[in-house]
Structures are given as C-alpha cells and as structure tokens.
Amino acid sequence: MSSQFPENFLWGGAVAANQVEGACQEDGKGLSTADVVKYVPPEERKSLEHILGMSRAELSAAILDKQEQKYPKRRGIDFYHRYKEDIALFAEMGFKVFRMSISWPRIFPDGEETEPNEAGLRFYEDVFNELRKYNIEPLVTLSHYEMPVHLSVKYNGWESRELIGLFLRYADTVLRRYKDKVKYWLTFNEINCTIKFPFLGAGVLTEGRDNGKQAAFQALHHQFVASALTVKRAREINPEFRIGCMLARKLVYPYSCRPEDVLKAQAENQMAQFCSDVQVRGYYPSYIRRHLQEYGVTIEMEPGDEAVLRGNLADFLSFSYYMSSTVSTDESITDRTEGNLSSGLANPHLKSSEWGWQIDPIGLRVVLKEMHDRYQIPLFVVENGLGAADVREDDGSIRDDYRIEYLARHIEQMAEAIADGVELLGYTSWGCIDLISASTSEMRKRYGYIYVDQDDAGSGTLNRYRKKSFYWYKKVIASNGQQLD
Ligand code: BGP
C-alpha cells in the first residue's frame, strides 16, 4: 500500500526555547516570564491555575531570586551549549523539519531596547546553520510562553497596547536577520491559552481585578493585531515566507447524546475555534459576542484594527493535539480528566496517561477534518506526544513501547485524514528530546525520542540516550509514514 503522506511531508519534532535552552541570562539574555515559574512538587499541585498563576509578590520575589534550581526553565536541558549534538541526533532520525522558538529576551533583553543583542542573534544563526548542514528545515515560533519579564512588570504584559509595537520590533529584527535561513514561521504558540492562563500566554497579572477575563481578552486582541501585522511585515521582507498561526486544539465531546451536552461541547470547542477564525478568516465571528457578554468583557479596538486583521491572514493553521475530554450539564458526573492546559470529564471509552490525559487518536482525525473543512488551508500538527515517566534500565535501554503505540496510532489517523482530503504539511511531535514540562516544570514527564539524564531537581549528567522510539521514528520517516509497527 503506498503511503498516504505526500513525498514532501515534513516529518520532525518540536521544542520551545524556554523548555530546552537553559543559559538563562548568558550572553546578554534577559529574564523571561518562563524563568520566574517555580517547580511545584506533585503534592502541592492543586490546579493548573495554581501552578501557572502569578501574583505581583511572587513575580517580584522570583525576579530577585538567585536560587536557580527552584526555576527549572532557567536550566532547561542545556540545549544552548549542546545544540550541535542534539541536532545531529535529530538528523540521525531523518528529520525534515525541526520546530523551535526564539526567546524574545535573548534578542531584546528587556523588550524595549532599540538595538538587538547581537550575541542572541548569533546563537540562533548558528542553530539554523547547523540545521541546514543536515537539510533540516527550521519551523520557528516567535512567541512560545517566554516574553521579557520586564514587559510584564512595566506594562502588565499584552494587556497594554504598547506590546504590539515592541513585539513588531522583535519580529521585524529576526524576520530580516534570518530571511534566507528560515522559511516557516509561527507567531504565537497556543494563542487561545491566553484566555485561561494570561500570565503564561501574555505576561498578564489579573490579581485583584474584578474581571480577569477583561484583561485576558484585551491582551489576546493585541496579540491578534500583532500577529496580523507580523504576517504583513513578513510578506514585505520575503514573499517566500510561510507564516502560520497556532492553537492548542482541545477536542471536547458531549458526555452524552443529550442535546444540552452537545450544545455545551459546541460552546467549549468554539473557544479554540474563535482564535483560528480571527487569524484565518480575519474577523471576530458573531458567536463570540455572546461568549464575551457572558464574561462581561468589552474589547477595546482602535480604528484600523479590523482592517489589519482582515487584510493579513495566516498561510497555514498549526496546532497542538494531545488528548480529548468531555463535558456534561449533568452535575452528577464527577469523574474528571486532566489535559493540555485544560481539564474536563473523563470519557469512559478512553484510557489515560499517568498524568490523566485521555488518549484519543481518532480525535486527531476529527479535528483535522473539522479544521480543513472550515478553512480550506494547509494544516500542520506541530505538537503531539505522550508524557511518561520513562525509565533507563540497567542495560541502558529505554523501552518506551507505550510512546511508540501512542504515536503510531496518531500517525495512522493523520493518514486517514489525508485520505479524507485534508492538506497536511507536516508533523512535529512534541518534545522530540526530553525537556522541562510547560505546565508543571518537571523533567519526570518525558516526551522525547532521546532521554536526557536529568531529574526534577536538576541533578544528572545531562547525557543524551536514544530510546526505543528513536529507532522506531527513524523507520517511520524513512518509510514516509508507512512503517508504523
Ligand atoms: C503545550 C506547550 C508545549 C508543551 C505541551 C505539553 O501547551 O505548547 O510547550 O509543553 O503543552 O505540555 P506539558 O509540558 O505541560 O506536558
């Protein structure tokens, strides 16, 4: 049977600067909003809001805190110094594409400088040159939860409109500097997460506000405008650029066929869809008005914002997909499930990962078909993976058969979606090398094809080891998605 995947399908893996680089303030880099997020031991993890929320007092203390080991994202996995070794391993698997992000404060430490930090620019130039050596295409996220923390302190992050101009200064600088080295760009990682986690997504503190959602949606609007203006600027710099928007695509099913459950699931799914509507269609969909009313939110727009959104649409739509969940209006159903920056009611038909994320490969096909039907533009799966507590055996092997099973089933469903008519550009599985978890800042939750010898406290040699899935993914890529088992 011939592969469903097109010959030029971009197989690869994904990371984010704040979860891998380390070198937190080396070579001129400024502190990012990721560098002030503390590790929270499992017994203290009340909720994601608790882990990812931030008060002014916590923020001020963290900025001054020199006890680096409390902040795992300050050390990452030392990719900053080991990127050549890591890229050689990606090349050994046969990667065609590598998704990474640029850390804004490595280029503009406080975010307000008029001149960029040359050492920061040089680092990413070296990384792109290393990727080019192996014909690996960079897929670069401009903002992946790592903005200059100074902008959060001074402006309350993206709630202030000043951020648009400052972001464009940063985006323009890197788009021009790397215009001959990078073709594929993403603006904001999981832009819809700003709604629920405004500090993570937009450096916004909502402490003491009677309506935190007002600040979150206003910040999101500024990000939409900045994203559209970045698309505009990019096309002026290099018409060959392909600029995508990026969503956390959380698929929510109705718990039952009761119409009330169907309606509730539709409303939940609309909150992700709203962000792709704005960036792919170019306007706020009418259904969002009722959601905003219910939140008591009034978005302030400047004259010209709507024209900017309408006139600068994304070239492709990328998204993260890990799991699905369900909702119900029946209060008696209490069995809950966790998820990627989300939670919901557990689906009795699905198994869960150790972290409680429900494994649903068919759900990936559902969202691919839904989004392709809605937008008729190319799609890109830029995050998908299984977080698990991998163990290195005495013989040095890491037998992550469970990850192979998870990935193989999801790749199978991508092939089905392509057969259903979906135009899919590529697949960068999340955490192609073990890294610091975004939500919990732990190392124990591993995603990689490559094991990194480091624990939650930062102890370990940082040595890299190939897992069983490393050799499996190499065969998947070599067979263009045909050899999955
Ligand atoms: C997404 C982020 C990634 C990645 C992923 C896995 O929200 O874009 O940075 O971390 O989630 O989540 P976690 O690391 O919390 O398991």
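Both counts, for ligands and for their atoms, begin at 1 and track the order of listing.
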Just distances here: any N/O of [X] and N/O of ligand 1 closer than 3.5 Å?
| X | answer |
| --- | --- |
| W357 | no |
| A438 | yes |
| T440 | no |

Heavy atoms only, cut-off 4.0 Å: how does S437 contact ligand 1, side chain, backbone, both, or neither? both
D277/R374 salt bridge by N-O under 4.0 Å criterion: yes
Salt bridge check, R466 against E92: does any charged N sit closer than 4.0 Å to a carboxylate O? yes
Quick one: nearest non-hydrogen protein atom to [atom], plus distance?
| atom | result |
| --- | --- |
| atom 9 (O) of ligand 1 | Q19 OE1, 2.6 Å |
| atom 11 (O) of ligand 1 | N340 OD1, 3.1 Å |
| atom 15 (O) of ligand 1 | S439 OG, 2.4 Å |

Residues in side chain to side chain donor-acceptor pair (under 3.5 Å) contact with D86, at least two apart in sequence or another chain: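 D86: side chain to side chain donor-acceptor pair (under 3.5 Å) contacts with R464.
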Aromatic plane relationship, [Y] with [X] - under 30° parallel, 30 to 60° tilted, over 60° perpendicular:
| X | Y | value |
| --- | --- | --- |
| F123 | F79 | perpendicular |
| W104 | W158 | tilted |
| Y322 | W357 | perpendicular |

Are Y322 and ligand 1 in contact, using a heavy-atom cut-off of under 4.0 Å? yes
List the atom pairs, donor and acceptor, that lie under 3.5 Å between side-chain atoms in residues 425-433 and the rest of the protein, sequence neighbours left out.
residue : atom : partner : partner atom : Å
Y427    : OH   : N384    : OD1          : 2.7
T428    : OG1  : V382    : O            : 3.0
S429    : OG   : Y449    : OH           : 2.7

Pick, from K445, E190, E146, E383, the option with the minimum heavy-atom distance to atom 3 (C) of ligand 1. E383
Heavy-atom proximity to atom 4 (C) of ligand 1, best of W430, F197, Y145, Y447: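 It is W430 whose heavy atom sits nearest to atom 4 (C) of ligand 1.
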Counting each atom of ligand 1 from 1 as listed, which ones have a heavy atom of N189 under 4.0 Å away?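 Answer for ligand 1: 8 (O).
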Both conditions, 6.0 Å and 45 degrees, for the charged tip of R403 above the ring of Y447: are they met here?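 No cation-pi geometry.
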